[in-house]
Asker: 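Below you'll find the structure I mean.
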Amino acid sequence: MSDMKLARILNRPLSRRQFLRYSAATGIGVSIGAGTMNAWAQGTQGGTLTWLGHQEVAGLGPNDIGPDVQSSVIFNVLNPLVHVNYASETEPILARSYEVAPDGLSYTFVLHEGVMFHDGSELTAEDVKYTFETYSEPGNTVASRFNGMREVEVVDRYTARVHMDTVNAAFLRLACEVPIVPMAYHEEVGVDGFRTAPIGTGAFRVDTWRPAEFTELVAFPDHFRGAPLIDRLRLEVVPEPSVRYIALLTGDAQATVWPLSIEDSIELSDNPDFRVIATNWNSPRFIPLNNDVPQLSDRRVRQAMLSAIDRQRILDELESGFGVVASSHLAPHNPFFNPDVPQYPFDPERARSLLEGAGWVEGSDGIRSNDGLRLSFTCTTISGDQTRRPMAELSQIFLRAVGVDMQLAEAPVASILQGLREGTLEASLFNWTHGALVDPSPAGTLRSDGGDNFTRYNNPEMDRLIDEGLTIVDPELRRPIYNRTQEIYAEDVPALMLHYNQGINVFSNEMTGLPDNVLVGTPVFYRGNEYGRG
Amino acid sequence: MTTAPPDPTFVPAPQEAAPPSRNKAVRRFLGNRMAVLSTVAVALLCLLAIFAPQIAPYQPNDDLFLGQRGVGPSWEHPMGHDHVSRDLLSRVIHGTRVALTVGILSSLISIVIGVIVGALAGYFGGWVDEVLSLLIDALMAFPLIALLIVLAAVLGPSLTTTILVIGGTVWARYARVVRAEVMSLRERDFVTAARALGALDRRIIWKHVVPNVLTSVIVLASLQVGSIIILESALSFLGLGVRPPTATWGGILSDGRAFILRYPHIAIFPGVMIVITVLAFNFIGDGLRDALDPHQKIGRSK
Amino acid sequence: MRSPDVSTYLTFRILKGLFVVVLISVLTFIVMRMMPGDPVYLLLGEGQIPITDAQIQSIREKWGLDRPLPEQYFVWALNLLRGDFGESLIRAGVPVRDMIFEAIPVTALLNAYALGLAIVIAIPFGIAAAVRRNSWVDYSSNAISALGIATPNFWLALMLIVLFALYVPRWFGELPLIGRIPPFGLRSWQGWILPVIVIATEEMAVLMRITRGAVLELLPQDFVRTARSKGLAERAVLYRHIVANTMLPVITVIGFRIAFLLSGTIIVETVFALPGIGRLFVDSVLRLDYQVVQSLVVVFAVLVVVVNLLTDFLYALVDPRIRIS
């Protein structure tokens, strides 16, 4: 019996992969409006939708919008001015329209009229000004999203204009996603008070919030886009992936915000009761290498290592073939992606000759050394990370084959991030965004003085290009700059970019009104007002 | 004197009577079928650990069978493959090494610390006892897992760390048992006599007190080895155990957790090994207790 | 037990307990700060956004993390004495006290139910195993307890979930009386069933061993022999003397479980998604949520000290041979 099941799973990948790729790629250009209409037509009134997350909802304020599980709740309670939606398009929410000045130094937002907060007050430009100015204060997690902002001008009751000191091409994407809070209430409770009892313009208000257990939202009938179809929206925190899978099968939940294991997702894509949406992640899985460590400081060594790892094999072995091998710090589906950069196909011979050329000769134990320095370092993965540690284990074997010794260790996330930021760790393995649509080469990650420059990478040309790119608004004028940053990145190999994996979200057919043209997974969960319980 | 609650997994053998003759104890132990069977099992496990490279059919870490992720048992691979498509049998065999090394070395460390601290506290009493008891109480009241996490994080995970960390934290149980026993021994005739004859404290402790406590310690140790092996798996569960890709039962078990529905064999085989080992050590412990406990036949005389 | 002795003894024990608590709080404080890593980085989250040193600095200031360590300790300890446990770093705005006192009932009830179930099963079995020594009852109880101790509880938990939440309703429909067992959470009373069984299995194993050991100790003792020789029926001897005396190990186990509460059920809480104290504790350690960890450890140190005191008194109460001096 188990053999048959096994055969089924093993035979599956090709057809399944095609299916998922198809679902990920179809429908580009279909307008959002159509999706919305669709939802209204299909939905049934009432009921509760339950979604599953993997970690606690630590807070419900604008500072908490980073993690996927938290933003899936928050964006149903609070709304931003504009949003990059599931189709990767900039969609106005609270703003009826917005305008970017040609010089990129001011943004004008015209708000919908008659938008009500849950406490019955009306949204005005004052609230926008208050939100932007409060949350750009240092000490807020979202503060740096507002880099370059000077002030917010209230033009009239429903018009707000943001004035910039410097051009920040990422402003619309980053700052305008910070949800708007009601000034009067927020002033009363403060930042920390607000995140425990938020009041927003969203389609739901918070009913019960038990961070480690569940968050239950209840419909807000006066929502400006119309009352939601369902009565209640519940996010349950279920850390164990196998239990999330079972809960979907038993009908205890209708969707999972955080992916299941790849094998479980494949299994469900075969089940007619479920819809599986696969989207490509923006953040690559990569091995950041500390470029300050002597044995890793020569880029020929890093290039050799990248050639030594069979990255497609890692995808085939551990991800059932889903995902694409990375060639630069940008994902192939990013509009700024440059395919013409130096490539590193799996080639152990090339790796060996690169290492020989750099003066690293094999010792008696098979590990290379150069002037008494061993080509050995430690890669620290996240404690209990059962998805990515096997990737480090496979890479270790590939690297040893060419005489590079990569030791493995584990540590909690907090110590890994600190160790990398302070240069005390040699390498790690996780996902990290290296550039989104509006900011294809983020200073924080790639600039020599960036806060998240995990590789301690330092290339003056890269620094200069990053600064230049941020001052240009027109995408076509920015393109040559980002073509070049990707080239430099691929030449220098500051980190070993493994692949862009697919995020797979599973939805039960009991959840109706899902959009069709999904390119980005998480924003699907920001539209709780459109879904019904079938 | 306070009455410390006895250790829950251990009822110390009372020491009123002189220890039974060695022959009698051996005979009694050999009469216990389960204990003998378990001794054989532990001996086999030790052989497995020592000759792991010779016995294991494949390399535990480096032999990859690509495309075989999670494939179940077959003739060539009796335990199937793990989630990185390595041969599970070879990994489980090599895991025996870590399990026994950690179980035995950590036990030795905690016995040495526990006996010394317990004997000192029990023998000298007074402020020595107060200070040491405080230490024991504090350690027992401190959540072990936090200490393990922190020590492992500070020292960096490795086999040595795991042994030191476990050994350095579980000794409080030995110390408690030894202290209580030494206290009652202190007042006994042969100790008082030795003291009256002017023997040095150090000599009395080594010659008279420690040997009398050892039987209890041995029994407790045989019961503790099992829980230490489980503790190692808890550390691996939290990512603070022996460094990957070193094969350990705890490590394989916690790797298998993510695949428990899809590839259940990954967690089952190391789990079965842990159960067998713990069972064997427990039966040996019971056998030893019965064999060394003089009251089984004599009965308690007051 | 004359009263002046008792009160001196009590005062002494309480002072000693207080000292242990202070010692532990200092230890925890030092140990948490020795953990590599900085919680501020976790607050800042995912990396599309550049982070400036000024921003990190201002977050440190907000939480007082820039102050000298002794000062941080005393500020925290003084607040604690006033009943102010501080605020969580990660769940800013939520008082640590609320977090702790919301999580305690979950874990406490879980353990209480499990212990109850374990007692009902383990004590009769443990006694039977001791009385019929080296019989199949003895061997099987020994094997069952070893299995209970050695079976990884997450494995048992997941197997039970698959079986009772997924397959049983599929094969047999809803169970009579019990109804539907959910795969996770405590939304209905049925949610308690599986986690309680998992914890009880482990507890039962320990309890069975202890009961067996305790009864073995008792059997050859004078009062049992006397009772037997007086011609009391075997059954009466068993019930009147032995069962009463097994109260001791039960008390020990309860005391031990309370000390173990903080980390003992972490895995069960994680698998069943229960918002208990174990998960709160381990999550907070890994996230370096200093205030939460420190306060939790102190609360539990106090609990352990009190429980130790209580068990000692209960001992004296149950078994008059044990004297408090």
Side-chain angles (χ1 to χ4, degrees), chain A residues 1-3 5-7 9-10 13 240-246 249 260-267 310 313-314 316-321 366 378-387 389-398 400-401 406-416 419 425, chain B residues 59-74 80-86 91 148-150 152-159 161-162 234-247 250-268:
Chain A
M1 186 198 98
S2 70
D3 275 348
K5 190 156 192 182
L6 215 68
I9 293 167
L10 284 177
E240 195 68 23
S242 330
V243 178
R244 289 203 296 278
Y245 170 75
I246 297 169
L249 286 179
L260 305 172
S261 81
I262 197 97
E263 282 88 357
D264 288 342
S265 306
I266 290 173
E267 187 88 2
D310 190 344
R313 190 115 230 186
I314 291 180
D316 290 344
E317 288 298 324
L318 302 176
E319 295 281 277
S320 303
T378 301
C379 173
T380 310
T381 56
I382 297 169
S383 300
D385 184 348
Q386 295 183 324
T387 312
R389 205 191 67 202
M391 297 176 183
E393 289 180 42
L394 280 184
S395 303
Q396 178 186 46
I397 293 166
F398 286 127
R400 187 164 321 120
M406 182 168 88
Q407 294 286 317
L408 300 180
E410 290 179 283
V413 188
S415 18
I416 290 182
L425 274 193
Chain B
Q59 287 284 318
N61 304 328
D62 295 349
D63 278 350
L64 288 183
F65 300 88
L66 294 176
Q68 304 289 300
R69 168 174 159 104
V71 172
S74 63
H81 296 267
D82 74 354
H83 64 301
V84 192
S85 62
R86 294 170 294 213
R91 288 183 66 74
L148 290 175
I149 292 175
V150 173
V154 172
L155 300 173
S158 73
L159 184 59
T161 312
T162 307
L235 272 185
S236 291
F237 184 90
L238 294 167
L240 297 161
V242 179
R243 280 186 178 209
T246 310
I252 302 169
L253 199 64
S254 62
D255 282 347
R257 185 174 64 118
F259 309 101
I260 199 133
L261 300 175
R262 209 89 11 243
Y263 315 133
H265 64 275
I266 300 178
I268 287 176

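Worth saying up front: this structure is predicted, and the values here are computed from it rather than measured. All heavy atoms count here, side chains included; hydrogens, waters and symmetry mates do not.
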Asker: Heavy-atom distance under 4.5 Å to chain B: side chain of E393(A), backbone, both or neither?
Answerer: side chain
Asker: Is P390(A) in contact with chain B via its backbone, its side chain, both, or neither, using a 4.5 Å heavy-atom distance?
Answerer: both
Asker: How far does CD1 of I397(A) sit from CD of Q59(B), to the nearest 0.5 angstrom?
Answerer: 10.5 Å
Asker: Check whether any side-chain heavy atom of D264(A) sits under 4.5 Å from a side-chain heavy atom of R262(B), and report yes or no.
Answerer: yes
Asker: What distance do R400(A) atom CZ and N61(B) atom CG have between them, rounded to the nearest 0.5 Å?
Answerer: 7.5 Å
Asker: Examine whether an atom of T387(A) lies under 4.5 Å from a heavy atom of chain B, and if so say whether it belongs to the side chain, the backbone or both; otherwise answer neither.
Answerer: neither
Asker: Starting at NE2 of H83(B), measure out to CD of Q386(A) and round the result to the nearest 0.5 Å.
Answerer: 7.0 Å
Asker: Let me confirm one number: the CZ-CD distance from R69(B) to E263(A), rounded to the nearest 0.5 Å.
Answerer: 4.0 Å
Asker: With a 4.5 angstrom heavy-atom cut-off, could you sort out which part of I382(A) is near chain B: side chain, backbone, both or neither?
Answerer: neither
